[in-house]
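See structure below.
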Protein chains: 2
Amino acid sequence: MNETKEKLIKIAISTIQKYGIHGLTIRELGNAVGIKSASVLYHFNNKDGLLNELIKVYNENFFQLLHEIEKKESNPLKRLDDLVSIFESVLDEDKICLCGMLASDNEILDEITKEQTKQFFNDIEKWIEKNLSEHGSNKNLAKIIISSLEGAMLIDKLYNESTRLKEIRVWIKTL
Amino acid sequence: MNETKEKLIKIAISTIQKYGIHGLTIRELGNAVGIKSASVLYHFNNKDGLLNELIKVYNENFFQLLHEIEKKESNPLKRLDDLVSIFESVLDEDKICLCGMLASDNEILDEITKEQTKQFFNDIEKWIEKNLSEHGSNKNLAKIIISSLEGAMLIDKLYNESTRLKEIRVWIKTL
DNA sequence: GTCTATAACCTGATAGAC
DNA sequence: GTCTATCAGGTTATAGAC
């Protein structure tokens, strides 16, 4: 992929994670890489096109991280701990999960972006379930774990702290 | 309070719960009650003024509901179940918790609204803690419970279902 | 209280030159 | 690919009449 386009996507993802979809404007996105808004739209046709592409990049990168966790860590409970660490490092940058933020704006997402957002939750839930099963604990907790992680980031960001994510980390150790 | 003003606040709260802060416009809010945007601003000075007022109304109404639960239900675990029911009825109307939605837009909230949003989470956490303590279970779970509820609404709304809230209901029964 | 009229600004998007 | 120029539409907010 074009280098400029890659930069645009990377910055756009980060901006949405911090400020939401309405906090991302084509003009400012162009400024961030030194090109004009018309040039930004050349790469993506329109804003929905940008969203379509960036969420695919985000999902790929995210599940690449999960794959790396699986390779280096065999203990399923520790894998879940590593998952919490990913979210904590995101929060440390004053961001929340991209798909959590998109979910809060779900009413204005086009179908492609909405489907990709759902796909994120489908896949991460499956990943958590698998690890819960391997550890011998109730895999039905997967939906609660991802829900709590998303909610925790949302609230922790408001307080500018990571108290809730840390509580989840402690809780998961007891499962 | 003025009847028109009450209507405006009620509709504004509901609109934000569905579409977020950017989905609420002064013009459309006026249309909903049959007055012009200038007349809406007469009541609140500006949009921040509207947010300041509506979150106070929301918090008051919400904790009034919790107070009613306490009066009619003495079993602390069943009280938590009733709390889940509140959130489920909100989700049934394609809405999420107002403060969850505001949290997702925290970067553009003025200080008053932000403080009131935090106050909501402080108070509900305290309420959950108290009931967990009375039931004899770990009150440290309060932050996880409210996080999971907020996250569950967010994701369930995306899927147009209440699967995650229902899982939380089942989980709470086991505490 | 509500209105009209309008200001000032920001947004995504397009046409056409280079 | 990137630019300039521009458009059409949306937003909050204000001034002043009724």
Side-chain angles (χ1 to χ4, degrees), chain A residues 1-55 57 98 101-102 104-114, chain B residues 1-55 57 98 101-102 104-114:
Chain A
M1 192 188 299
N2 181 300
E3 194 188 326
T4 301
K5 194 169 174 179
E6 267 185 43
K7 275 189 198 171
L8 288 169
I9 289 177
K10 193 176 168 186
I11 295 170
I13 290 173
S14 188
T15 304
I16 294 176
Q17 288 181 277
K18 281 185 191 169
Y19 307 108
I21 286 188
H22 294 93
L24 173 75
T25 70
I26 308 296
R27 217 174 235 88
E28 286 295 316
L29 179 58
N31 288 344
V33 304
I35 63 175
K36 296 294 175 182
S37 67
S39 306
V40 173
L41 288 171
Y42 161 81
H43 292 284
F44 306 101
N45 288 328
N46 52 38
K47 195 171 180 180
D48 274 344
L50 169 58
L51 295 179
N52 294 167
E53 292 210 41
L54 70 80
I55 188 164
V57 170
L98 176 77
M101 190 60 98
L102 292 181
S104 78
D105 281 322
N106 88 90
E107 301 284 352
I108 58 164
L109 301 181
D110 75 330
E111 278 311 309
I112 295 174
T113 306
K114 200 182 287 191
Chain B
M1 193 188 299
N2 182 301
E3 194 187 327
T4 301
K5 193 168 174 178
E6 267 185 44
K7 275 188 196 170
L8 288 169
I9 288 177
K10 193 176 169 186
I11 295 169
I13 290 173
S14 188
T15 304
I16 294 176
Q17 288 181 278
K18 281 185 189 169
Y19 306 107
I21 285 188
H22 293 93
L24 172 74
T25 70
I26 308 296
R27 214 178 238 89
E28 286 295 317
L29 179 59
N31 287 346
V33 304
I35 63 175
K36 296 294 175 182
S37 67
S39 308
V40 173
L41 288 172
Y42 162 81
H43 292 285
F44 306 102
N45 287 327
N46 51 39
K47 195 171 180 180
D48 275 344
L50 168 59
L51 295 179
N52 295 166
E53 291 209 41
L54 70 79
I55 188 163
V57 170
L98 176 77
M101 191 58 98
L102 291 181
S104 78
D105 280 322
N106 87 91
E107 301 283 352
I108 58 165
L109 301 181
D110 75 329
E111 278 310 310
I112 295 174
T113 306
K114 199 181 289 190

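Chain identifiers are assigned alphabetically (A, B, ...) following the order of the sequence lines, protein sequences preceding nucleic acid strands; residue numbering begins at 1 within each chain.
- The distance from the OG1 atom of B/T113 to the CD atom of B/E53 is 10.5 Å, given to the nearest 0.5 Å.
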Let me check I have this right: for DNA chain C, each base becomes ., (, ), [, ] or |, based on Watson-Crick or G-U pairs with both distances under 3.5 Å. What is the full string?
||||||||||||||||||
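- Between the CG atom of B/L102 and the NZ atom of B/K114 there is a distance of 11.5 Å, given to the nearest 0.5 Å.
- Distance check: B/R27 CZ to B/S37 OG gives 5.0 Å after rounding to the nearest 0.5 Å.
- As judged by a 4.0 angstrom heavy-atom cut-off over every strand, B/G30 is placed among residues making no nucleic acid contact.
- Whole-Å rounding puts the B/L29 CG to C/dT2 P distance at 12 Å.
- Taking side-chain N and O atoms only, B/Y42 has a distance below 4.0 Å to OP1 or OP2 of C/dG1.
- Of all nucleotides listed (C/dG1, D/dT2, D/dG1), C/dG1 comes nearest to the side chain of B/H43.
- Contacts of residues 5-19 of chain A with DNA chain D (heavy atom under 4.0 Å): none.
- Phosphate proximity of D/dG1 to A/S39: absent, as no side-chain N or O sits under 4.0 Å from OP1 or OP2.
- The structure places CG of B/L54 at 11.5 Å from NZ of B/K5, a figure rounded to the nearest 0.5 Å.
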Which atom pairs, one a donor and one an acceptor, fall under 3.5 Å between side chains of residues 7-22 of chain B and the rest of the protein, sequence neighbours left out?
unit_1	atom_1	unit_2	atom_2	d
B/T15	OG1	B/I11	O	2.8
B/Q17	NE2	B/I96	O	2.9

Contact string for nucleotides 11-18 of chain D, one letter per nucleotide 5' to 3', B = base within protein heavy-atom range under 4.0 Å, S = sugar-phosphate only, - = neither, reads BBBBB---
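- Here the P atom of nucleotide C/dT14 and the CZ atom of A/F44 are 15 Å apart, to the nearest Å.
- Scored by the salt bridge (Lys or Arg N to Asp or Glu O under 4.0 Å) test, B/E28 finds no partners at all (sequence neighbours excluded).
- The separation between B/N31 atom CG and D/dG10 atom P is 12 Å, rounded to whole Å.
- For the salt bridge (Lys or Arg N to Asp or Glu O under 4.0 Å) test, no residue two or more places apart in sequence or in another chain qualifies with B/E6.
- Nucleic acid contact class of B/G49 (heavy atoms, under 4.0 Å, all strands): none.
- Legend: residues meeting side-chain contact (heavy atoms from CB on, under 4.5 Å) with B/D48, ordered by chain and number and at least two apart, are B/N46, B/L51, B/D110.
- Among residue pairs with one or both ends in residues 23-46 of chain B, none qualify as ring-ring contact (aromatic ring centres under 6.0 Å, His included); sequence neighbours excluded.
- When rounded to the nearest whole Å, the span between CD1 of B/I108 and P of C/dC10 equals 15 Å.
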